[in-house]
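Here's the structure, in structure tokens; my notes come after.
One-based numbering, in listed order, for ligands and for the atoms of each.
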Amino acid sequence: MSTLNNIVNQATAEISLSALSHNLLQVKKLAPHSKVLAVCKANGYGHGLVEAATHLHQADAFGVARIQEAYRLRSGGIVKPIVLLEGFFEAEDLPHLVASNIETVVHCEEQLSALEQAQLSAPIQVWLKIDTGMGRVGIAPEQSEQYLKRLKQCSNVKNNIILMTHFACADDTQSDMTLTQLNCFEQLKNHLIGQDKHSTDASLANSAGILNYPQAHQDWVRPGILLYGASPQLDAKHAEQNFKPAMRLKSRLIAVKTIKANSFVGYGATWQATENTTIGIVAIGYGDGYPRHAKNGTPVYINGRIVPMVGRVSMDMITVDLGEASQDKNGDEVILWGPENPVETVAAMADTIPYELLCGLTSRVDLSYKD
Ligand SMILES: *Cc1c(COP(=O)(O)O)cnc(C)c1O
């Protein structure tokens, strides 16, 4: 049983710092001629924003989605460039970008005119985002000449503007979408560089682009999920070869009990034992970020083996079938995902992707760090 100064029953995400630096090294091996913008939005994909960035210090820059994330990185001691991947949302943010040396994406007219109208004490580094087929943020390819011209005339903007686009289907090698996007980007880049003396850097590849499209590596790669050791690929069942899962989500058994054949388990009585067995109750649930849609049979690792989750996921608990011969004891450690139990499989059993599981942990889960 837990005591106040030795709390053991709480769910913990144990983060391997050496896995983070290992994974960055693997990205560098895959894209040896590219600079690395390490993406650490959404609390470092659940691994802790400042901690993740600190241990990815060999990256050339960091990418975040919200200005608050950039501020947190700066106050956490990160000095390398930080890029707002969707840019700033308010014109009032611009002086703060200068003060904190934060770089910005520009993807729309409002951002461009805010930059033109601002009175800033120093110019800002801009990444011009072009929509080559993702259909989300980004200017149309035919607008890019005009945008580039205005950005270059703007004294609030540094001269070497970085061209950027984002892939919609890089996780699916059967799709020809990525090649279409690459083609579009290449044509545009050649056209724009043709009329410009400044060299212009280019950035296209997210994790899946890094794995599947070497021709997309170019000047800057933008890995996210790979740094955390999970696979970006469609239908992945385990981590990519050479990458190490950085998170181990653990909790404990808080009860073990035998039940008779034909007994029901959990809300809705959706699972019925076919024979006498032992049920383990684990202190984790959707209140911690364990997916409620995980199906019967979702793998759970206990005492050196995988056992099936059975019945519905509750807010604070899940139930697992330990088998009639179970020797498991109350208090034993349980691994929900991690090196022993791929998050890719758990995600597939819950009809989602590793991204959502990793960044969906709630504040009730402790993060603990080890080498
Ligand atoms: C989140 C994000 C990435 C990283 O994507 P992964 O699939 O995790 O590698 C890269 N680029 C942009 C613009 C992003 O928003």
Side-chain angles (χ1 to χ4, degrees), residues 20 23-24 26-28 30-31 34-47 49 52-53 56 59-67 69-70 73 81-89 102-108 111 126-139 162-173 175 177-178 181-182 185 201-214 216-236 239-240 243 245-247 343-344 347 352-360:
L20 292 177
N23 293 335
L24 177 58
Q26 295 305 308
V27 165
K28 288 179 180 238
L30 286 172
S34 308
K35 286 173 275 188
V36 178
L37 180 120
V39 179
C40 48
K41 60 195 178 190
N43 199 29
Y45 289 51
H47 295 66
L49 173 63
L56 294 167
D60 301 284
F62 296 98
V64 295
R66 302 284 187 262
I67 199 165
E69 296 174 318
L73 285 178
I82 301 174
V83 184
L84 296 178
L85 293 169
E86 286 107 55
F88 58 99
F89 301 161
I102 297 167
E103 305 184 1
T104 185
V105 158
V106 166
H107 63 73
C108 63
Q111 290 174 330
V126 165
W127 299 56
L128 179 59
K129 184 150 183 186
I130 300 152
D131 179 9
T132 56
M134 175 73 179
R136 211 174 48 181
V137 295
I139 59 168
I162 299 166
L163 297 179
M164 159 184 179
T165 195
H166 194 59
F167 292 135
C169 306
D171 57 349
D172 178 5
T173 49
S175 162
M177 180 63 135
T178 307
Q181 289 192 260
L182 258 162
F185 190 85
D201 271 4
S203 176
L204 301 89
N206 54 1
S207 292
I210 293 167
L211 289 173
N212 300 331
Y213 296 92
H217 292 171
Q218 305 206 12
D219 303 292
W220 284 92
V221 291
R222 306 191 307 269
I225 196 97
L226 268 182
L227 297 175
Y228 307 98
S231 175
Q233 309 279 31
L234 270 190
D235 305 327
E240 293 300 313
F243 287 82
M247 180 190 292
V343 67
E344 291 82 1
T352 185
I353 51 176
Y355 297 76
E356 190 182 21
L357 297 189
L358 296 178
C359 76

Is there a donor-acceptor pair closer than 3.5 Å between any side-chain N or O of [X] and the backbone N or O of [Y]?
X	Y	answer
Ser207	Pro223	no
Asp219	Ala202	yes
Thr104	Leu84	no
Glu69	Ala42	yes
Asn206	Arg222	no

If I apply the N/O under 3.5 Å rule, does [X] come out as touching ligand 1?
X	value
Arg136	no
Gly224	yes
Ile225	yes
Tyr45	yes

Exercise for review: Considering the heavy atoms of Met164, write down every atom of ligand 1 situated less than 4.0 Å from one of them.
Suggested key: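 The atoms of ligand 1 under 4.0 Å from a heavy atom of Met164 are 13 (C).
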
Check your understanding: At a 4.0 Å threshold, what atoms of ligand 1 neighbour a non-hydrogen atom of Leu85?
Key ->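 Those of ligand 1 that fall under 4.0 Å from Leu85 are 14 (C), 15 (O).
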
Review point. Which distance, rounded to the nearest 0.5 Å, do you find between the CD of Glu86 and the NE2 of His107?
Key: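 Those atoms lie 7.0 Å apart.
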
Practice item. Mind checking the CG-NZ spacing from Asn23 to Lys28? Nearest 0.5 Å is all I need. Key: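 The NZ atom of Lys28 is 13.5 Å from CG of Asn23, to the nearest 0.5 Å.
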
Exercise for review: Among all protein heavy atoms, pick out the one at the shortest distance from atom 10 (C) of ligand 1; state its residue, atom name and that distance to 0.1 Å.
Suggested key: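 In this structure, atom 10 (C) of ligand 1 has Arg222 O, 3.4 Å as its nearest protein heavy atom.
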
Check your understanding: Who's the nearest protein heavy-atom neighbour of atom 7 (O) of ligand 1, and how far?
Key ->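 It is Tyr355 OH, 2.6 Å.
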
**Study point:** Asp201 vs Lys35 side-chain heavy atoms within contact, under 4.5 Å
**Key:**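 Sidechains of Lys35 and Asp201: in contact.
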
Review point. Is His166 touching ligand 1 with its side chain, its backbone, both, or neither, if touching means heavy atoms under 4.0 Å apart?
Key: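 The side chain, only.
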
Exercise for review: Determine whether the side chain, the backbone, both or neither of Ser207 has a heavy atom under 4.0 Å from any heavy atom of ligand 1.
Suggested key: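 The part of Ser207 near ligand 1 is both the backbone and the side chain.
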
Practice item. Counting heavy atoms only, name the option from Met134, Lys129, Lys41 that's nearest to atom 3 (C) of ligand 1. Key: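 Closest candidate by heavy-atom distance is Lys41.
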
